[in-house]
There are 2 protein chains.
Amino acid sequence: MVTIGDVARAAGVSRSTASYALSGKRTISMEVRERVNDAVRELGYTPNAGARALATSQTMVIGLLAQFLEDEFAPAMLQYMLGVSDTARELGYDILLVTEADGARALRRITDSQMVDGVVLLNVAQDDVRLPILRAAPQPGALVGLPGDCSGLDVFDLDFEEAGRIMVNHMHRLGHRELILVSQPEHVVERGGAYVWRLQDAALQQARVRGIRLHTAFGESRQPAVGRTLHALLDSHPSATGLLLNNEAAAAALPTVLHERGLTVPADLSVIGRYSDEFARTFSLSFSSIESAPDRLGRMAVRQLVRRIESSDTAAEPYVVRFISPELVDRGSTAAPGSRRDGSHSRRPQ
Amino acid sequence: MVTIGDVARAAGVSRSTASYALSGKRTISMEVRERVNDAVRELGYTPNAGARALATSQTMVIGLLAQFLEDEFAPAMLQYMLGVSDTARELGYDILLVTEADGARALRRITDSQMVDGVVLLNVAQDDVRLPILRAAPQPGALVGLPGDCSGLDVFDLDFEEAGRIMVNHMHRLGHRELILVSQPEHVVERGGAYVWRLQDAALQQARVRGIRLHTAFGESRQPAVGRTLHALLDSHPSATGLLLNNEAAAAALPTVLHERGLTVPADLSVIGRYSDEFARTFSLSFSSIESAPDRLGRMAVRQLVRRIESSDTAAEPYVVRFISPELVDRGSTAAPGSRRDGSHSRRPQ
DNA sequence: CTGAAAGCGCTTACAG
DNA sequence: CTGAAAGCGCTTACAG
């Protein structure tokens with residue numbers, strides 16, 4: 001491999017001059033700079049990342065901790081990852097992707113060994129075991145997802161409470177008075193997925209305010225289980241006229257369930273989901289939904305992280321907790337409650 | 001940060017002895033080893049990755065080049081990524097994730113700067129611009145996807161030709177004589193997505209052998225376009241009794257299309273897709289499919305890559321091109337052609 | 001405006 | 001069985 005020594009020799013200057021010519025950190029005569037640049041081009045020189053990291057204590061790499069848990073919907077995670085990855089690259093950073101099941105151990109490994117200048121944590125739980133490790137690390141961290149304790153960290157999340165209220169209000173405005181909310185699997189709640197209860201609690205509260213009956217349930221993350229749950233819920237609450245989904249797998253399974261029951265949206269049932277537009281297009285979901293804006297969240301997290309990495313007086317700036325305001329994307333899946341939920345169209349096998 | 005010098009001082013030995021005690025690369029007295037290990041534990045020592053990389057010329061990092069192109073189905077990529085990531089970690093490697101649009105430039109950057117010990121390329125095209133760069137790089141590379149020229153690289157892919165034959169043969173055995181094959185968008189072909197024509201050509205060939213009429217078409221990668229294409233194809237070929245899908249987006253869109261047409265699978269139409277079981281469960285697809293085995297392919301690529309990274313005489317072992325034999329996962333979506341394709345069930349809105 | 005030298009934190013021949 | 005020293009390829013005060 002060609003080193004900066006080779007470049008210096010070819011340009012007839014010292015290694016320090018070659019280095020300065022490339023970094024621009026001190027004034028270099030035009031002529032020398034030209035010679036150095038020529039040498040770089042001819043020899044095909046690229047600085048060795050390890051050596052540079054050792055000398056500067058900067059790796060220009062950001063750690064991305066993603067978790068792919070059995071009971072969550074993997075593709076939703078991808079959107080956040082791409083938001084983080086693309087933004088990092090724009091800002092000059094590469095991404096070290098960590099998908100280990102034991103996120104705490106992995107986090108310790110990459111921070112202790114100084115492989116990264118900072119870390120983005122996805123899918124943060126209420127009482128996330130990775131947080132104490134992140135706080136103790138010398139590198140800054142940014143979270144996507146709201147934990148119970150935000151101290152010492154920058155946090156970004158969708159305003160799930162507002163999302164719950166918007167769902168209920170929208171349905172109320174159309175005249176619905178009985179709704180079903182399908183959340184993520186109960187395991188997600190047990191693991192501390194705060195966004196589940198943040199949306200649900202706010203929706204229940206708002207339903208009370210509006211005088212709406214709101215039935216809540218946890219849905220599975222896979223077929224055929226989640227499909228059966230949807231059937232059971234529709235069976236149990238025949239007078240419900242609207243369905244709210246805070247569960248991507250349920251949204252993906254719903255078209256088939258509707259088909260099996262012979263139901264049409266929104267004539268027979270109004271539906272609002274909570275997922276990204278990208279997700280809707282990819283999975284052919286034509287339900288209106290609260291935009292979860294994973295790309296924006298990933299982008300915001302990286303921007304703030306890089307700001308903190310590059311700010312001289314670390315931890316001088318106050319930490320931020322920032323919520324994205326949810327927006328309802330109308331895909332025409334809601335309407336005034338119809339009169340067609342009489343079961344006559346039902347073609348569900350036994 | 002605590003360095004090996006701190007450990008050595010605490011243990012009362014030289015830095016080299018501390019290093020050897022940790023690496024086990026020469027015999028160390030029990031007593032000294034104990035003292036060193038105690039010091040490591042007390043001080044919380046972890047080697048600095050950059051320094052180690054500089055000294056050993058090994059980063060213990062593998063580059064993963066994924067492409068998320070507008071006209072391809074992003075979630076399918078995720079499965080390959082996880083197969084690669086999990087296997088790499090098992091073998092002691094971390095993953096540098098590269099998602100840049102300009103894959104060639106990115107590849108050059110991470111190999112030239114020696115950020116990685118080797119590279120896995122996903123979504124390899126017939127005449128992939130990244131390959132010349134990879135061949136010129138000092139690090140070895142493994143491909144998932146078959147290019148036109150495999151020289152100097154280890155290549156892994158599904159046997160798409162056999163997949164095409166299996167689809168046709170399976171339908172033929174059930175009595176089908178007219179089929180439709182929906183491939184990826186034409187853009188994918190133009191970009192050199194060889195798997196598209198490998199499957200299609202083999203299917204056409206086999207259809208000829210079996211005396212089957214096979215209509216082929218390219219499908220879009222998004223709704224609502226791909227749904228419209230499916231409708232149009234079913235309209236144009238009313239006597240076709242089976243549908244073959246080499247297009248994940250089409251598979252995801254099909255349940256809604258079937259619903260709109262009032263068709264039941266397999267009574268009205270037999271369907272075989274080509275995607276992973278993981279994909280089927282995640283997206284609630286109950287069509288039989290050729291397992292695309294992304295996790296296995298990712299795993300094989302990393303295993304071979306690591307073998308090559310760690311083999312002393314690089315390029316001494318011959319390069320391999322290995323195909324996974326496709327297997328049909330029966331989810332009950334095929335049957336003998338029925339008599340219900342008479343249009344009487346059609347409920348498609350004009 | 002430029003050069004010689006020290007140092008980042010490791011590993012590993014070279015000596016003993 | 002252990003230590004002193006060189007070296008990996010950079011960057012950056014320190015001198016001039």
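Numbers restart at 1 for each chain; the letters A, B, ... are given by sequence-line order, proteins then strands.
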Under a 4.0 Å N-O cut-off, is there an ion pair linking A:D102 with B:R89?
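Here A:D102 does not pair with B:R89 in a salt bridge, since their nearest N and O are not under 4.0 Å apart.
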Taking the basic N atoms (NZ, or NE/NH1/NH2) and the acidic carboxylate oxygens, is any pair closer than 4.0 Å for A:D6 and A:R9?
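Salt bridge between A:D6 and A:R9, a charged N being under 4.0 Å from a carboxylate O: yes.
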Looking only at the side chain of [X] (C-beta and beyond, no hydrogens), which of the listed nucleotides [options] gets closest?
| X | options | result |
| --- | --- | --- |
| B:T3 | C:dT11, C:dT2, C:dC10 | C:dC10 |
| B:T56 | C:dT11, D:dC1, D:dT12 | C:dT11 |
| B:S19 | C:dG9, C:dT12, D:dT11 | C:dT12 |

Take atom CZ of B:R109 as the centre, draw a 6.0 Å sphere, and report whether it contains more than 12 heavy atoms from other residues, nucleotides or ligands.
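Buried by this count: over 12 neighbours within 6.0 Å.
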Nearest-nucleotide wise, let me know which of B:I28 and B:A51 is further upstream toward the 5' end of DNA chain D.
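Final value for this comparison: B:I28.
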Please report, rounded to the nearest Å, how far the [atom2] atom of [N] is from the [atom1] atom of [X].
| X | N | atom1 | atom2 | value |
| --- | --- | --- | --- | --- |
| B:R33 | D:dC1 | CZ | P | 9 Å |
| A:N48 | C:dC8 | CG | P | 18 Å |
| B:L54 | C:dC10 | CG | P | 12 Å |
| B:M30 | D:dC1 | CE | P | 12 Å |
| B:M115 | D:dC10 | CE | P | 14 Å |
| B:D112 | D:dC10 | CG | C1' | 16 Å |
| B:R35 | D:dT2 | CZ | C1' | 11 Å |
| A:D6 | D:dC8 | CG | P | 11 Å |

Checking salt bridge (Lys or Arg N to Asp or Glu O under 4.0 Å) for the pair B:D149/B:R135: CA distance, chi angles, key distance, verdict?
CA-CA 11 Å; B:D149 174 7; B:R135 288 199 186 91; 3.6 Å; yes
Find the runs of at least 3 consecutive base pairs, i with j, i+1 with j-1 and so on, that include DNA chain D, using Watson-Crick or G-U wobble geometry with both distances under 3.5 Å.
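The stems are C:1-3 with D:14-16, C:5-12 with D:5-12, C:14-16 with D:1-3.
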Does NZ or CZ of A:R308 fall inside the cone over A:Y319's six-membered ring, less than 6.0 Å from its centre and within 45° of the axis?
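Yes, a cation-pi geometry.
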I'd like to know if the side chain of A:D117 and the backbone of A:M60 have a donor-acceptor N/O pair within less than 3.5 Å.
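Yes; at least one donor-acceptor contact below 3.5 Å.
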Counting only side-chain nitrogens and oxygens, does A:K25 get under 4.0 Å of the OP1 or OP2 atom of D:dT11?
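Checking A:K25 against D:dT11: no side-chain N or O falls below 4.0 Å of OP1 or OP2.
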Please tell me whether B:T46 and A:S113 have a donor and an acceptor in their side chains that are separated by less than 3.5 angstrom.
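Looking only at side-chain atoms, A:S113 and B:T46 do not form any donor-acceptor pair under 3.5 Å.
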Just by distance, no angles: are the side chains of A:S16 and A:S19 close enough, under 3.5 Å, to form a donor-acceptor pair?
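No.
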Suppose we screen for ring pair (Phe, Tyr, Trp, His ring centres under 6.0 Å). Which residues come up paired with A:Y93, at least two apart in sequence or across chains?
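Residues passing ring pair (Phe, Tyr, Trp, His ring centres under 6.0 Å) with A:Y93: none at all.
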Any protein N or O atoms within reach of nucleotides 3-7 of chain D? Criterion: under 3.5 Å, listing atom names and distances.
residue : atom : partner : partner atom : Å
D:dG3   : OP2  : B:S14   : N            : 3.1
D:dG3   : OP2  : B:S14   : OG           : 3.3
D:dG3   : OP2  : B:T17   : OG1          : 2.6
D:dG3   : N7   : B:S16   : OG           : 3.4
D:dG3   : N7   : B:R26   : NH2          : 2.9
D:dG3   : O6   : B:R26   : NH1          : 2.6
D:dG3   : O6   : B:R26   : NH2          : 3.2
D:dA4   : N6   : B:S16   : OG           : 2.9

